[in-house]
Each structure stands twice: as structure tokens, then as C-alpha cells.
Amino acid sequence: MSTLTSNPTASDQKKRLVSSGALQQILAFASLIILVIFFSIASKNFLQWSNIEGILLSTTVIGILALGTTFVIITGGIDLSIGTGMTLTSVMTGVFIVFLGLPVILGIIGGIVTGALIGFISGFSVSILRIPPFIATLAMMMIAEGLSLVISGASPIYFSDVGGFNNIALGSIFPGSIPNAVLIFFLMVLIGWILLSKTIIGRYTFSIGSNEEATRLSGINVKKWKMIIYTIAGCFTGVAGVIMASRLNSAQPALGMGYELEAIAAVVIGGTSLSGGKGSLIGTMIGALIMSVLTNGLRIMSIPQEWQTVVIGFVILLAVYFDMLRKKDR
Amino acid sequence: MSRKILEMQNINKSFPGVRALSNAQLDLHRGEVLALIGENGAGKSTLMKILTGIYQKDDGSIIYDGKEISPVHTKDAQEIGINIIHQELNLMPDLTVAENIFIGREPRDKLNFFLKNKALNQQADKLFQKLNINLNPRTKISELTVAKQQMVEIAKALSFNAKILIMDEPTAALTDKEINTLFDIIHWLKNEGVAIIYISHRMEELKRISDRITVMRDGEYIATLPTETTEIRQVVSLMVGREVKIEQKISDPDAFTDTVLEAHNLHNNYIKNVSFHLKKGEILGFAGLVGAGRTEVARAIFGADPFSGEIKVNGVPVTIKQPVDAVQHGIGYLSEDRKRFGLMLEMTVKENIVISSLANYSTAAFVKPTNMKTDAENYSNKLKVKTPSVNQPVKLLSGGNQQKIVIAKWLLKDSDILIFDEPTRGIDVGAKQEIYDLLEMLANEGKSIIMISSELTEVLRLSDRIMVMNEGRITGELLNRDANQEKIMELATRHN
């Protein structure tokens, strides 16, 4: 029995390291390295720059969605609306730029604001109307899906006549190097990381997820902060939507369903606990990279796409299983 | 400066359908420990929640430090120096000690947006130095023992320059050693002039720590007595509104003949070579301090934890690897934490009672509801469960009645050996008596009972024989006629 004055023993300290959540991240990072090594041996093409660029590029959209939703998941919530929400922001960007003829920059801002609005409505439903996050965001998911189709007339909006729109994602501000989309992804990682670990928003995100009632009793306006957190996640959705539109040079109103689950998978693989209170954006970034390395590697090895999905399913099981083991260790 | 720091008068509070407080009152002096006691539902918590701004009073007045106040939020109360430490500690387990203490007022930059973590930890360190507490501000709460978590709560309260500190059942989860440390801190706080309202069900503690005792019953103020000149019995009878005798059972050891359960050298990480036997119709008490390994013995016998050693039921060696094996051999276990391990709170009384016996009511996986209801009603009546019907969700019942539902479950399953782990924890004094009567009735009917309890009066009153444990070992065995509190405590602290 430990007492009030006892000093931590060596085994206590070891336990602390294991339980600190660092383990899951180290594990995720190690898995990423192992995967990269495995695929480089399995296929000569894997480590070629064009392939790596492809992997990074394919990580961006899911990755940015996952970053935003990490905030929500750390509060103990879930956001199912990010997939179709992203679609709606793409479509709105198209509406602003193509239909209304607004300057590109205003279109981008409009897209991000649309995302923020979707997040805000979800946050409002969750905190003010007290609808469970799963249901509130499921409803939002369907609303966004429907609206995308209604607004676009169920057909894609093309940006072909908008000069340079494609370059937002695929161009490169440093010519010849990595595409902007990848840079934007890393920028979002940085912004998210600062928000989560250096600001009061981050502190309350963890606090709410760790013990919402205690946070409320500590005099914190939990409702307000939850709305802010969902809105931030919505901004990330907006950024993802703009990048998606730019990559495809079009807003595809039927795309997006299912992206939310891939993003949540990336968050979980990255070690964020679905029960709230624990998680990190670096973990989510690694989680998203693991998913795209897996998909890419398996494809290079000519494994059919159907099987790729099966493998990713098992990876999620494995990741959550390790998370459970970690909790049991307590 | 007047001696009184707080005066609450004629406080009324109603919830839909319930009058929680009627003309409740309370006064508190600077630097004293006032024990606030009453049965569950007496209105103590409601009164304290009004004082700390969690609830708002319907009418009445609160005079604090000479001024009328009416806090509408915990923050309002905290800022003027009124703090509460809830029984369920209100900490964020994934945040660090310092982050918890300064939540909502963490040091920030000029934008009021970025955190200054270094300053945060320094502030915490400074606070601990002042309070003479040994804590690392960077440790996560989930890595601390309950006692240390409580110190974090105390430090948090004092960081607001608390003038009043309310402690709700602060010792419920502490070991004796930790309780002593807590009491040292309380003494120190008193000397600093902090007034403490101390809520507890443990009468011996009140005697040790309090200066005055305020008794509440049914939402009303009953009396305030100076601790020094007051007998515990007097306080208890004020609480329950009737005389309560504290008694000790004397039974004839030869009355029990058939051995129903034998344990030989049970051993695992928590328990060391535990051997004992249980006879038919006997109540075998397990006494000891919190953490002595009593629950772990129960969990081993019930198959909840792996162990080595031998268990015989009715003289026949049995293999118990998981709870389902134990249940098949007629063993039932009533956990100390019934809400987590004993009940499906959202389900009805009926559903909870029959849950372990569903096989008796079903053919090919379809449940037949007819007999189920009658059986549930029979047991519910036999145990005098207070519920409008067996279709009532269990979460709406009181603690004592919930405990009865768990008992009914095992009776219906026809368990002959019942292990009760802290059967009266969180149950108020009146309902305790009913549980005691129930245990004796069961023993008289030929059930054999193992009862784990941390309350010595309870052990002495119910047990035919008493096993005492410390540090995972059995340190002694006493017949009830030879036992008294001192002997048990001596064995419970003996190091073998």
C-alpha cells in the first residue's frame, strides 16, 4: 500500500511511463517505421519519391479531417458529419467561386466558414440541446449529404474555368518540391498541436473528456467550450473540403460518405481513446500516415482493394486492443 | 470580527414532488470542525449544495462573514472562500495535479489564450510548500492514490483562500493511516482559522475530529450538540428519531456442525496462504483494514481472480476458474460496489432479480415472462423491498433496497453460500438495521454467509465467528464471545 509520504519506486515509474499514453504513440510510430521497411523490401517502387509523394498526398484529406475530429473525440464525443460535411464545404466553395463568381480567396474562406458552421450546429445540438454526439452528428451527416446534392443539383461543379484553383492543392509554393496540400496538412498539424497543447482550448478539451462534471463544477462553461471545440473541428473539415475540391478540380457532391469513419480510424490508430481524456495530434498524424502507407503498400504489392480494406480493419482491431491492454495495466 | 463565519437560516428547497429542505439552519464558527450528520436523504448534501452554489435556495438567508450571499454558481462560492470536497472526488484523472488545481484560472498570456505551463507548475509548487504537502505538480491524477487525490482537492480548495471547507465523507476510501494524515491536515487547517463542515456516517470519527455536531433529519434541522459532552448513542437516536442499541452477538459454537465450504492455502498476488472453513447456517465475519485482502479472498473463491489452493464445497473438492463455476456450486457474491458490479441500474427490479436464473424461465432461448413476475414479486415481498412494483427501474430505489435486489437475485438462484462484501456501504442507519435482520434471517434458514465489513460494530453484531486479515494473510480467528473491538484491531494491524 502506498502512503502519503512514500516515494515512487522504480516499478512505479516504469508503470507511469507505460500508462502515460506515450506508449501508444511510440507503438504507432514504430508500426509506421516497420511498415515502411517492410514495403520497401517487398517492392522496389515503394521508396521512390513519386510514390512517397503520392502517399503524403493521399493522407492530406483524411488526415486533416482526423486532426479536427481528434479534438471532438478527446472530449469524449464523436463527429460523424465530417465526411459529408467536407463534401458540403467543397460544394459551397464551388457555389461561391463558380456560381457567384467571387474571388478564389473568398471562396476558400466561404468553404471554411461553411465547415465551421456545420461544426457549430453539431456542437449546439450536443451541448445546448443535449443530443448525444453520435445521434446529433449522424443527423448532421445526413443533412450535409442531402444539402450537397440539393445545392449542386446532384452534379459536380467544375473549377476548370477558374485559373489556378487546381494549384491550391497540387501546385507547389517551392517549385519542384512537395505539393501544397501536403504542406497545408503539416501546417494544420502544427496549428492543431498548438491549439491542443498550448492554449486554454486544448486544456478544456482534455478536461471535459477526462471528467465533464468535475470540469463543470470547477466553474468552467462546458457548454460554451464544447461548441467552440466542435466549431474548430468544423474548420478543419472546411480546410479538407477546399483541398478535396482543388485536388479534383471539382466539387463532387456524391463523394465523402465514409470518409468520417476512415478519419476516426486514423485517430484511434494514433492512440486517442474513444472514451475521451487521452489523445494527441501527432498520434493522429501517424495514424493517418499508417492508413495511407498500408493502402499504398498493399496496392504496390498488387493486393486487391477488397483485401486492403480487410487488412485495415484488422489494424484497427489491433490498435484498439493495445489501447485496452494499456488501460488494464493501470 | 464576529465568531460566527456562517449562518444559514430558514432555508427551504423543493424539487418536483419532493420537499428536500424545510426551514433548515446551520451556524458555523471560525476555526471549528462542525460535523453535519443525518441519514441519507436527511438534506445534508442539498444544504451544502445550496451553500456552494450548485443548487439555489427557494427562500431563507445565508449570512457569510456578516454579509448576505446567494451564490448561483460554484465559482461564486469559491471566489468568496467557500469550498466543497465532494465524496466522489471531482478531479480530471487525465490532467496533472497543477492543471487540476488551477483549472479555469490557469496562468495565461496577455491574449488570455495561450497557457503558461511553467508558471502554472511554479504556482502549484509554491502552494504545496505553504501547505507543507509533498506532491509533484506534474503527476497525472490517475497515477495518485485516493488519499493523495484528496490532498489535491484540499490544496485546490485552499488555493482559493478558503475560509470554509466542506468535506463530504472524506474518509470513505482511505486506510487508517491515511485517515490519520487527513486528520493532521484538518487540525492544521483549524489552527489557520479555516472552518470545516465535516459530513460522515462514521460515528467514531466525529468523536475524534469534531467540535460540535449538527443533526439533520427529513430535511429539517434537529439539534446542535457540543461533541465533548455528547454520547454517540444520543446522536444516532437523534438521527433516526428512535433509540438504537449497539450490541454484540453471542452464539453457541457447537450449534454449527456441517462444514459447507473449506478453503486451503488460497494464494495469489493479493492473498497469502489463506485457509478457513464455513459451516452451515453460520455468519463468518471477515474483519480488517481497507486493503487487507478480504475482498480478494472473496474474489478468489468466486472465481473472479486466478489463485492456487484448494476449495471444497460440502466436502467435495471443486474447480473454480471463473464466476460461472462458483455459481454452479451454489456460491453467490454481493460486491461492495453494487452499482458497478451488482445491478443493471436501468433495468427493472424484476429483470435484475431473475437475471442469473433466466435459464429456469426459458425454452430454446425464448424467455417466458409468466412465472418470472410471480417469483420476482415473492422475493421482493420476502425481503421487504420498498418499490411500487417489480417493474420499477432499479436506479429509482434507495441504496438499501438496491442491496436487497442483489440479495434476491442470489436467493432465486438458490445459492447456499453467500458472500457479502460491505453489505451496508452507502446505506443509511435505518436501512442498515433491515439488512442486518435479513442476514440473520438467511442464516437461520440455513444459508451460510461470509460477511466482509470494515465497520467493527457491524462485524461484532452479526458474526458467529470472525476471521481477521492483514496484508493478505489471516492473522487471527475469534469466536464472537471472545471478540471485542480492541482484539480485532490488534489482529488487523499485526504483521506476521
Within a 6.0 Å radius of atom [atom1] on [X], are there more than 12 heavy atoms belonging to other residues, nucleotides or ligands?
X	atom1	result
A:Phe29	CZ	no
B:Phe102	CZ	yes
B:Phe113	CZ	yes

Under 4.5 Å from any heavy atom of chain A - which part of [X]:
X	result
B:Leu111	neither
B:Ile101	neither
B:Asp76	neither

Looking only at B:Asn90, B:Ile141, B:Leu115, most heavy-atom pairs under 4.5 Å shared with chain A are made by B:Leu115
With chain A as the partner, which of B:Gln78, B:His86, B:Glu106 has the greatest number of non-hydrogen pairs under 4.5 Å? B:Glu106
A:Gly219 versus B:His73, closest heavy-atom pair with distance: CA-CE1, 3.4 Å
Of all the heavy-atom pairs spanning B:Thr74 and A:Leu217, show the shortest one and how long it is. OG1-O, 3.0 Å
Within residues 185-207 of chain A, contacts to chain B at heavy-atom distances under 4.5 Å involve A:Ile194, A:Leu195, A:Ser197, A:Lys198, A:Thr199, A:Ile200, A:Ile201, A:Arg203, A:Tyr204, A:Phe206, A:Ser207
Taking side chain as C-beta onward, heavy atoms only, is B:Leu91 less than 4.5 Å from A:Asn211? no
In a check of side-chain hydrogen bond (donor to acceptor under 3.5 Å, both in side chains) between A:Ser218 and each of B:Lys156, B:Arg105, B:Lys75, which one passes? B:Lys156
